[in-house]
Number of protein chains: 2
Amino acid sequence: MSVLSTKERILNTTEKIISEIGFSSMSLRTISTQAKTNLAAVNYHFGNKEKLIEMMLERRLDNLFQLRINLLDNLESGSSQPCNLKQVLEAFITPALTMSNDKHQGGSLFMKVLARAYAEKSEYLHDLLSKRYSDTIKRFALAIQRACPYLDEQVVFWRFHFIMGALVYVMADFGASSRTNNLSDTEYFNICCNELINFALSSFSQTS
Amino acid sequence: MSVLSTKERILNTTEKIISEIGFSSMSLRTISTQAKTNLAAVNYHFGNKEKLIEMMLERRLDNLFQLRINLLDNLESGSSQPCNLKQVLEAFITPALTMSNDKHQGGSLFMKVLARAYAEKSEYLHDLLSKRYSDTIKRFALAIQRACPYLDEQVVFWRFHFIMGALVYVMADFGASSRTNNLSDTEYFNICCNELINFALSSFSQTS
DNA sequence: ATTTTTATCAAACAACCGTTTGAATTTGTA
DNA sequence: TACAAATTCAAACGGTTGTTTGATAAAAAT
């Protein structure tokens, strides 16, 4: 329980607060209070608010994109043939939804944070994504392109971005209001994951 | 130009500010300044900040959903047969993108506001959508269901929500960073609209 | 023209924000 | 044990927030 350091408690609480009320509404006072420490501790450990947010994002994003890269590496290793489309989509989508479903490590909170960062056009996230993760995104777009040679390059680009939009939408738990009551969280996420992949797969099918 | 009343100038400026910096970062002082009026005028005309936001949202949402309803009414009138899927999707999507592309009436700003409202889980919007517009959304889901009898009801439900996510994502202009430079705004939105409808259409195609 | 309502405005209010300070406390080390 | 470094804490700083007040100005009504 309270074996966590103050620094870790602050990071975890920051995830929790931002997932609940968003970036621009979050205050260091509510964070320090909920993390059972002092207001000044935030500035002591992280310098300022901006750096706290950056560290909170980087802690999880590296993990998420590494999972995606590993899955794509496995698919592309040992063959120069185009990958199976469904497997590529799964390699991109499942790490996000797995994190969403991971309660123990706080990943489920982070995916909501990520959705909010997308939505609020967070400068921190935008810079991180364009500087540190754009290569991975391009790799996936290329893999999809190779798996769907019948689709125009621009069309693949658009639909991949639409799917990212749907993914963010789901991560933010917008469907929650219409969730069937008798489903556990695990069941819900499993269905959601399956439906989203089929949705993505279907959206890359050839149109007449 | 300045034939607009103070009330209208405040509403328009609120749209503009929120589309730029979001709900939680917006302040009544920046709004009153930019609307070329006094700070107290906001509270005088709208009571408080919350009611200002509600009025700003309601002013446009009624218009948007009425456009959708009109299009769907036309499709369903005169025949008890299921509607054409593409036409149903167009009836839902095009009003949003038309508003996005409408500069004269300020609709383009509002669609960004709407995207932010979705993203920030605005209570105002959530209540409005679930109380005032849920019937329309259910009508569209049903029309899609009838047009795709080969798909399970739950699958239709999921994919319709995924598409709403993609629509919000597009409205928020997230693809902007990757926009081709030599496209005008009008051209960009026409392409975007077309791609999104084909995307939605494709996503409801039967999967193997 | 006078009264009444409506609208605008500068100023002030209390509450909250991120950050800094300097002293107290805990922890690690010699 | 004694010293030094790392950490915690209450308090205060200047700045911004939404809201209210009361005086002024404009418009409408009598």
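So you know, we letter chains A, B, ... as the sequences are listed, proteins then strands, and number each from 1. These numbers come from a predicted model, not from an experiment.
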Requested in this report: Using atom CD1 of I31(B) as one end and atom C1' of dT19(D) as the other, report the distance to the nearest whole Å.
Outcome: 15 Å
**Report entry** Short side-chain N/O contact to dT8(C) OP1/OP2 from H45(B), under 4.0 Å
**Finding:** yes
Report task. Would you kindly give the CD1-to-P distance between I17(B) and dT17(D), to the nearest whole Å? Result -> 11 Å
Report task. Report the nucleotide, chosen from dC17(C), dT19(D), dT20(D), that has the shortest atom-to-atom distance to any side-chain atom of L39(B). Result -> dT19(D)
Requested in this report: May I ask you to decide if K36(A)'s main-chain N or O and R9(A)'s side chain share a donor-acceptor pair within less than 3.5 Å?
Outcome: yes
Requested in this report: Could you tell me the separation between the CG atom of N38(B) and the C1' atom of dA23(D), rounded to a whole number of Å?
Outcome: 13 Å
Query raised in the report: Tell me: OH of Y44(B) to P of dA7(C), nearest whole Å?
Result: 4 Å
Query raised in the report: Taking CZ from R9(B) and C1' from dA7(C), how many angstroms apart are they, rounded to a whole number?
Result: 12 Å
Query raised in the report: Is the shortest heavy-atom distance from the side chain of E20(B) to the side chain of K16(B) under 4.5 Å?
Result: yes
Query raised in the report: So what does A41(A) touch, heavy atoms closer than 4.0 Å: a base, only the sugar-phosphate, or nothing?
Result: nothing
Report task. Provide, to the nearest angstrom, the distance between the NZ atom belonging to K49(A) and the C1' atom belonging to dC16(C). Result -> 12 Å
Report summary line: Note: F160(B) and F140(B) closest approach over all heavy atoms is CZ-CB, 3.9 Å
**Report entry** Check: N63(A) and L67(A) side chains under 4.5 Å, non-hydrogen atoms
**Finding:** yes
Requested in this report: Look at S27(B) and dT16(D) and indicate whether a side-chain polar atom (N or O) is within less than 4.0 Å of OP1 or OP2.
Outcome: no
Query - Phosphate OP1/OP2 of dT8(C): any T6(B) side-chain N/O under 4.0 Å - result: yes
Query - Check: S77(B) side chain, N74(B) main-chain N or O, donor-acceptor pair, under 3.5 Å - result: yes
Query - Rounded interatomic separation in angstrom, taking CG from L28(A) and C1' from dA10(D) - result: 17 Å
Requested in this report: Identify, between T37(A) and R29(A), the residue whose nearest nucleotide on DNA chain D lies closer to the 5' end.
Outcome: T37(A)
**Report entry** Nucleotide dT17(D), atom P - distance to CD1 of I53(B) in whole Å
**Finding:** 14 Å
Query raised in the report: dT8(C), dA6(D), dT20(D): which one has an atom nearest the side-chain heavy atoms of N43(B)?
Result: dT20(D)
